[in-house]
Amino acid sequence: MAPPHQAERAAVNPLSYLPVLGDARQPEVFFGRLRWANRGVPMTLLLIALNVLVFLWLMPDGLAQHRHLLEQEWRSAGRPLQDVEWAAFWRFVRAGFLPTQLGAAGANVADLTLGHHQVWRLLTCSFLHANLLHMAMNMWVLRTLGDTAERLFGSVIFGVVFVLSGLGGSIVSLASTLSAHPNLPSVGASGAVFGVMGGLIGFALVGRRLLPPHVRRALMRGGLWFTVINLGLGLALPMVDNGAHL
């Protein structure tokens with residue numbers, strides 16, 4: 001049975017006030033109505049699916065490379081090979097893809113992107129991830145941010161923000177992090193995801209007439225904490241490309 005007032009709620013402007021539905025000036029009410037008015041986030045789900053499919057497509061080769069390396073190590077140590085498959089699987093889960101494989105798959109590598117004029121890597125690197133945890137974290141954040149951003153911007157604009165932010169992150173990465181490491185592969189959707197967060201902050205800044213003050217402050221506060229925490233992690237972890245995040 002449909003919840004009471006479902007029809008009315010689905011048709012309500014998120015900025016309007018109705019006593020039975022609550023005060024839309026409150027962030028939780030505003031975003032609740034926004035989800036009712038815009039039920040789906042197809043672009044967010046499509047981008048997540050593309051990232052997951054690319055990871056699964058490369059995974060067999062990643063497993064094969066770890067298995068080959070383990071076989072060599074175990075043979076040198078005189079160790080039997082009956083458990084090498086499981087060992088290779090868990091090693092892949094922990095370590096992920098080798099740098100050479102990421103480079104061959106389309107990572108942002110300064111020596112290739114600039115030296116060999118393979119500019120397409122500026123985009124393809126946003127759909128590659130170093131390991132399972134890397135992908136899972138980025139997709140979780142993309143799903144969380146996309147749930148709001150796609151509904152506020154619309155699917156097409158949201159997709160444009162994601163792609164342009166990924167390209168921008170790759171360019172800044174080349175100018176900062178990768179300039180000192182021309183053979184280091186940079187991968188991940190986090191540059192694009194940070195851009196989506198930047199889009200929400202920008203929307204809150206310029207949309208003063210579109211958003212209630214409490215909602216605008218909630219977006220700004222969430223964006224600030226997101227940025228500070230993740231840039232702080234980037235400074236603490238040497239493998240994180242903070243240039244793309246900035």
Side-chain angles (χ1 to χ4, degrees), residues 47-143 166-167 169-194 230 232-245:
L47 291 170
I48 291 173
L50 285 174
N51 278 275
V52 172
L53 287 174
V54 168
F55 188 91
L56 294 176
W57 174 56
L58 295 173
M59 186 174 171
D61 188 43
L63 288 169
Q65 291 196 33
H66 280 292
R67 183 173 61 250
H68 176 68
L69 292 174
L70 273 178
E71 286 177 352
Q72 290 182 323
E73 294 173 11
W74 287 15
R75 284 195 178 99
S76 298
R79 184 174 175 179
L81 301 180
Q82 64 265 25
D83 296 326
V84 73
E85 293 288 344
W86 276 109
F89 173 78
W90 289 115
R91 180 166 165 171
F92 172 78
V93 170
R94 294 193 306 272
F97 299 105
L98 301 179
T100 52
Q101 186 184 16
L102 292 173
N108 190 15
V109 183
D111 187 52
L112 298 174
T113 306
L114 297 177
H116 290 75
H117 309 292
Q118 297 176 2
V119 294
W120 47 269
R121 292 176 177 272
L122 295 174
L123 179 60
T124 56
C125 67
S126 294
F127 295 90
L128 294 169
H129 289 87
N131 53 55
L132 184 61
L133 179 61
H134 185 208
M135 183 191 68
M137 289 297 294
N138 276 341
M139 295 305 99
W140 174 70
V141 177
L142 176 59
R143 181 67 179 89
L167 290 172
S170 297
I171 292 170
V172 175
S173 177
L174 282 174
S176 56
T177 309
L178 299 183
S179 60
H181 307 280
N183 296 309
L184 182 70
S186 177
V187 296
S190 54
V193 169
F194 264 78
N230 284 280
L233 286 174
L235 292 173
L237 302 174
M239 73 288 294
V240 176
D241 187 352
N242 248 358
H245 293 173

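In what follows, residues are counted from 1 in the order of the sequence shown. Not measured: the values here are computed from a predicted model.
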Can you give the donor-acceptor pairs under 3.5 Å from side chains of residues 55-62 to other protein atoms, not counting sequence neighbours?
{"unit_1": "D61", "atom_1": "OD2", "unit_2": "Q65", "atom_2": "NE2", "d": "3.2"}
{"unit_1": "D61", "atom_1": "OD2", "unit_2": "Q101", "atom_2": "NE2", "d": "3.1"}

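Sequence neighbours left out, the pairs with a member in residues 88-116 that pass salt bridge (charged side-chain N to carboxylate O under 4.0 Å, His left out) are E73-R91.
With sequence neighbours left out, E71 forms a side chain to side chain contact (heavy atoms under 4.5 Å, CB included) with R67, R75, V84. Residues that satisfy the side chain to side chain contact (heavy atoms under 4.5 Å, CB included) test with V141, not counting sequence neighbours, are L145, V193, F226. Here S190 pairs with N138, H245 under the side chain to side chain contact (heavy atoms under 4.5 Å, CB included) rule; sequence neighbours left out. Contacts of S186 classified as side-chain hydrogen bond (donor to acceptor under 3.5 Å, both in side chains), with partners at least two apart in sequence or in another chain: D241. For R79, there are no salt bridge (Lys or Arg N to Asp or Glu O under 4.0 Å) partners two or more places apart in sequence or in a different chain. Take N131 and apply the side chain to side chain contact (heavy atoms under 4.5 Å, CB included) test, not counting sequence neighbours, and it matches L133, H134.
Summarising the geometry, atom CG belonging to D83 is positioned 11.0 Å from atom CG belonging to L70; distances are rounded to the nearest 0.5 Å. If you take CG on L47 and CG on L142, they are separated by 6.0 Å, rounding to the nearest 0.5 Å. Atom CG in L178 sits 10.5 Å away from atom CG in N183 (nearest 0.5 Å). Taking CG from L53 and CG from N51, the interatomic distance works out to 9.0 Å, rounded to the nearest 0.5 Å.
Contact detail for H66 and A95: the closest heavy-atom pair is CE1-CB, 4.0 Å. The two atoms that bring A107 and V187 nearest to each other are CB-CG1, 3.3 Å, heavy atoms only. When all heavy atoms of S179 and S176 are compared, the pair lying nearest together is OG-O, 2.7 Å. Closest non-hydrogen pair, F97 versus H129, comes out as CD1-O, 3.3 Å.
In this structure the side chain of L98 reaches within 4.5 angstrom of the side chain of L69, judged on heavy atoms. Between T124 and V54 the shortest side-chain heavy-atom distance does not fall below 4.5 Å.
Taking the six-membered ring where tryptophan is involved, the planes of F89 and W86 are perpendicular, since the angle between them exceeds 60° and thus also 30°.
Checked by atom type and distance alone, the side chain of N108 pairs as donor or acceptor with a backbone atom of S170 at under 3.5 Å.
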